[in-house]
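Worksheet for the structure shown next.
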Amino acid sequence: MPTLLPIDTLLIAVCAWLAVGLAGLVAPRNTRFIAKTLFPAGALVGMLVGFVSLGSLGAAPETAVLAIGLPDLPFHLRLDSLTAIFGVLLGFISVGISIFAAGYFREGEGTAPGLLCLEYHAFLASMLMVLLADDAYAFMVAWESMALASFFLVTTNHQHAEIRRAGYLYLLIAHVGAISILLSFGVMTANSGDYTFSGMRGQHLSSFWASAAYLLALFGFGAKAGLVPVHVWLPEAHPAAPSPVSAMMSGVMLKTAIYGLLRVSFDLLGSPIWWWGVVALGVGLVTALFGVLYSTVQSDMKRLLAYSSIENIGLIAVGIGLTLIFHSYRMEALAALAMTAVLYHCLAHAGFKSLLFLCTGSVLHATKERSLGKLGGLIHRMPWVAWLALAGVIASAGLPPLSGFISEWLLLQAFLFSPGLPHPWLNMIVPVAAALVVLVAALAGFAMVKFYGIIFLGQMREESLKDAHDAGWWERAGLIWLALITLCLGIFPSSVILRIDAATRQLLGTGLSERMADHGWWMLAPISVERASYQPLVFLAVIVASVLLGRQLVHHLYHGRTRRSAAWDCGYFFQGPRAQDTAEGFSQPIRRIFEPMFRLTRHFPTARDTQPYYSVKVEDHFWHWLYLPLARLVGGISGLITLLQGGRIAIYLLYSFITLILLLLVARP
Amino acid sequence: MSGAAISFSGQLINLFASVILLLAFAMLAQRRVMPLINLFALQGATLFLSTVVVAVSTGQHHLYWSAGLTLVLKVIALPLILHRLVRRLYVKWEVESLINIPTIMLVGIGLVIIAFNVALPISQLSDTITRGTLGIALATVMLAFLMMITRTKAIPQVVGFLSMENGLFLAATSATYGMPMVVELGIALDVLVGAIILGVFFFQIRDQFDSLDIRHMERLKDL
């Protein structure tokens with residue numbers, strides 16, 4: 001009797017997602033059926049994917065060949081530990097987002113709900129296919145389906161010109177990236193005509209061609225992940241998309257790009273060269289710093305989160321770079337540590353960033369506002385969303401006891417152990433890089449304080465916010481699920497790392513588990529207890545205890561007689577909502593300190609203005625110095641071609657006439 | 001070709017060919033529509049005569065058919081169609097040219113020199129009695145092409161197109177005593193159908209733009 005292998009189950013899940021999506025077309029306008037039946041069904045499939053992937057972590061790789069595809073070019077599939085860890089991510093994160101989406105999508109917003117359901121589930125199915133693909137052909141087909149599905153999701157509200165523009169930019173950069181990935185695969189096949197990944201593993205490329213393949217892959221996957229300088233689509237596409245879609249793209253889709261980069265640089269290319277790591281490290285650092293600086297100065301909550309995603313992808317790239325450096329010098333223990341940090345950060349970021357994006361969706365529905373300047377004090381009206389968002393914010397700021405802290409701590413541990421590198425230059429660069437990572441982490445905290453403080457704390461800046469309502473039960477359930485993931489990743493790091501280890505071991509040949517085995521599950525000590533250890537439960541207990549103790553102390557010691565006086569109001573006669581710190585005001589110090597990093601357009605009121613106003617617009621240097629000149633160049637070249645096409649029949653005739661005469665003269669015997 | 005060696009029919013053919021070239025120049029210089037169509041008919045008639053002379057002197061019977069086709073189509077049918085068109089469309093005004101006439105004539109002379117130069121090696125390979133006219137045929141094609149380029153109105157362009165076909169026909173008779181009958185019939189039919197379709201288009205163009213000036217069609221390009 002044939003047994004159902006995990007890879008078969010995952011294939012069934014792909015089909016199930018597609019079937020759920022197609023079911024949406026049966027009644028494309030029946031919002032109730034689609035939201036309350038199909039999206040929860042999609043969440044169930046996601047749960048299945050998550051658990052099956054979890055079960056196949058560390059198991060022997062399974063392969064399958066599908067009979068679909070071109071003649072003589074079937075789809076090769078493979079389920080190994082690297083696929084499984086990202087499958088876990090995809091499955092479990094999609095559960096939360098699908099449940100949230102069940103309560104989120106309403107009638108009368110852009111694309112018909114049925115079509116949206118199809119695009120959403122096709123997006124999920126194609127991402128799973130990307131993870132399962134074991135040849136370049138299947139990979140590219142799945143990759144492009146993923147790009148197209150997400151493009152249509154981004155342009156859900158296509159009646160707005162700026163959303164169409166954002167979608168176009170996204171599609172453009174996605175295709176430039178896809179070309180680069182295709183070229184990278186082409187280099188790796190080395191003219192053998194064998195496009196399967198197992199064939200590529202068997203190729204022994206010269207260091208030049210291996211480097212070319214690596215750089216092409218870095219560029220191509222970087223374009224999808226949002227590495228500088230191909231990051232520009234991210235802050236445009238994320239605010240344009242509906243919130244569950246932003247959550248899915250930022251939480252999961254960016255990670256498929258990381259998956260691709262890991263697959264190419266560690267699995268397919270075999271032995272890395274040390275400077276590959278330096279390139280990834282440098283690009284990652286620039287990306288992280290760039291992302292976090294821009295996220296601190298944003299006034300649109302979804303743009304702020306989008307730039308924060310760029311920052312996190314930068315940190316992941318830093319980790320990949322560090323892993324490559326260690327791996328190339330055969331310092332496998334440290335490489336395993338850095339790789340664990342990378343994979344952990346992928347999981348952590350997927351959890352907290354999708355949580356935060358979904359929270360912005362709830363806020364958007366409740367208030368119809370995206371601009372931070374018109375929000376405030378929402379914790380009084382939306383306590384569920386506010387407290388669940390707090391979990392995401394703490395994790396995103398890299399604070400214990402939640403998930404973001406663990407991965408950043410692991411990454412910094414990897415940096416701290418690096419002085420053993422046998423290369424003087426690297427020994428000088430790495431501490432600087434570590435310092436920058438710490439700066440990024442601190443600024444990320446700043447951005448998150450701004451995000452949370454301006455939206456949820458203080459007083460309401462607009463009258464209309466008084467009518468804001470809390471999220472419905474479906475939305476709450478989705479948020480709770482993601483918050484739980486974030487919490488578990490923060491509280492049980494050792495157990496998670498033991499699972500991740502299977503993927504690390506597959507890529508590097510060694511893992512962290514040998515060194516961690518002798519400590520209990522409550523203690524995280526990646527290298528040795530003497531060097532560094534972290535006990536999340538103890539930490540959590542101390543935090544909870546000190547908060548409770550402080551509350552009790554204040555309660556008992558404070559005499560309880562409230563005095564009201566105006567004597568020390570420091571000039572603030574009237575403490576209205578308009579007197580609060582604004583989004584722009586809060587980030588003013590950052591803008592001032594890092595002024596050369598921004599392209600600022602400011603308008604200051606003068607003394608004579610009858611209607612004084614202050615405005616500041618922060619734009620991207622890359623847009624002005626790289627993209628606009630490039631666009632002008634392309635436009636100019638196209639313009640030269642339209643010169644040929646003058647529209648005058650006489651000119652067209654002249655072309656053929658001159659050609660005729662020239663041919664007659666040239667072809668004379 | 002030495003003068004003494006050329007027979008009477010050969011001299012006759014050369015004369016007709018020269019007349020065709022002269023008519024091509026005349027069409028290039030002609031400013032009015034009606035005389036242009038008459039010149040075209042005259043060119044067709046000369047072509048007919050020259051084909052008949054070739055047919056008589058060489059005994060190629062299928063050339064009679066070609067000559068007949070030329071007579072029916074290019075001397076009678078097409079000029080009639082064009083005359084009717086012009087009368088129906090009220091376009092008897094002067095033909096505008098993009099470049100002034102003397103310059104066009106100078107360019108035309110340059111083209112004739114090029115055509116003779118190019119045709120020389122080909123005519124040396126040929127052993128027909130008409131081989132000397134190949135250069136003239138090529139020059140006629142080029143001059144007709146030049147007329148299509150320099151005219152701004154639609155009807156002179158069509159006349160240029162038809163005149164180019166005259167040149168091709170002359171080239172065919174001079175190099176190889178004519179094309180196979182099927183090809184010739186095909187081309188003749190093409191020209192007729194082309195002229196009729198263009199006639200239909202003229203009405204459409206005039207309805208759209210209130211004029212037959214093709215400069216209006218520059219707006220049709222996609223940008």
Side-chain angles (χ1 to χ4, degrees), chain A residues 148 151-152 155 158-176 179 236 623-624 627-669, chain B residues 95-99 104 107-108 110-126 134-135 137-139 141-158 160-161 164 167-168 171 198 201 205 209 212-223:
Chain A
L148 278 181
F151 165 74
F152 285 116
T155 53
H158 47 77
Q159 60 271 37
H160 302 292
E162 75 267 27
I163 287 181
R164 288 199 300 274
R165 185 176 160 272
Y168 176 74
L169 185 66
Y170 168 54
L171 199 63
L172 185 72
I173 294 188
H175 275 95
V176 171
I179 290 170
E236 303 297 326
W623 190 252
H624 284 268
Y627 284 85
L628 289 185
L630 212 60
R632 271 198 292 274
L633 186 70
V634 172
I637 292 170
S638 324
L640 286 182
I641 289 166
T642 52
L643 279 187
L644 274 180
Q645 189 206 17
R648 298 176 73 159
I649 293 174
I651 302 285
Y652 295 156
L653 286 173
L654 197 62
Y655 292 149
S656 19
F657 190 56
I658 290 172
T659 314
L660 176 70
I661 299 238
L662 283 179
L663 281 178
L664 280 175
L665 290 180
V666 169
R668 284 189 64 181
Chain B
V95 174
E96 291 171 52
S97 178
L98 284 173
I99 315 170
I104 294 175
V107 175
L111 286 177
V112 172
I113 294 170
I114 292 176
F116 272 79
N117 250 308
V118 169
L120 195 61
I122 305 172
S123 49
Q124 278 168 352
L125 290 175
S126 173
L134 192 62
L138 201 55
V141 171
M142 285 188 178
L143 289 176
F145 210 150
L146 186 64
M147 185 164 87
M148 284 178 77
I149 292 173
T150 52
R151 297 302 164 96
T152 58
K153 292 286 193 291
I155 289 185
Q157 283 204 324
V158 172
F161 171 68
M164 199 155 78
L168 275 177
L198 283 168
F201 266 105
I205 293 168
F209 298 115
L212 276 181
D213 195 329
I214 53 163
R215 278 176 293 190
H216 289 290
M217 288 198 277
E218 286 170 23
R219 277 185 281 149
L220 292 177
K221 71 171 175 173
D222 67 343
L223 235 173

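Chain letters run A, B, ... following the sequence lines, proteins first and then strands; every chain starts at 1.
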**Test side-chain contact (heavy atoms from CB on, under 4.5 Å) applied to A:I661 and B:I114, step by step** = CA-CA 8 Å; A:I661 299 238; B:I114 292 176; 4.3 Å; yes
**Message:** Pair B:L111, A:F657 - check side-chain contact (heavy atoms from CB on, under 4.5 Å), show working.
**Reply:** CA-CA 11 Å; B:L111 286 177; A:F657 190 56; 3.4 Å; yes
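Looking at residues two or more places apart in sequence or on another chain, you find no ring pair (Phe, Tyr, Trp, His ring centres under 6.0 Å) involving A:F152.
For A:S656, the parts sitting under 4.5 Å from any heavy atom of chain B are the backbone and the side chain alike.
The number of heavy atoms from other shown groups lying within 6.0 Å of CZ (B:F161) does not exceed 12.
Note that CD1 of B:I149 is 4.5 Å distant from CG of A:L654, once rounded to the nearest 0.5 Å. Atom OG1 of B:T150 sits about 10.0 Å away from atom CG of A:L653, to the nearest 0.5 Å.
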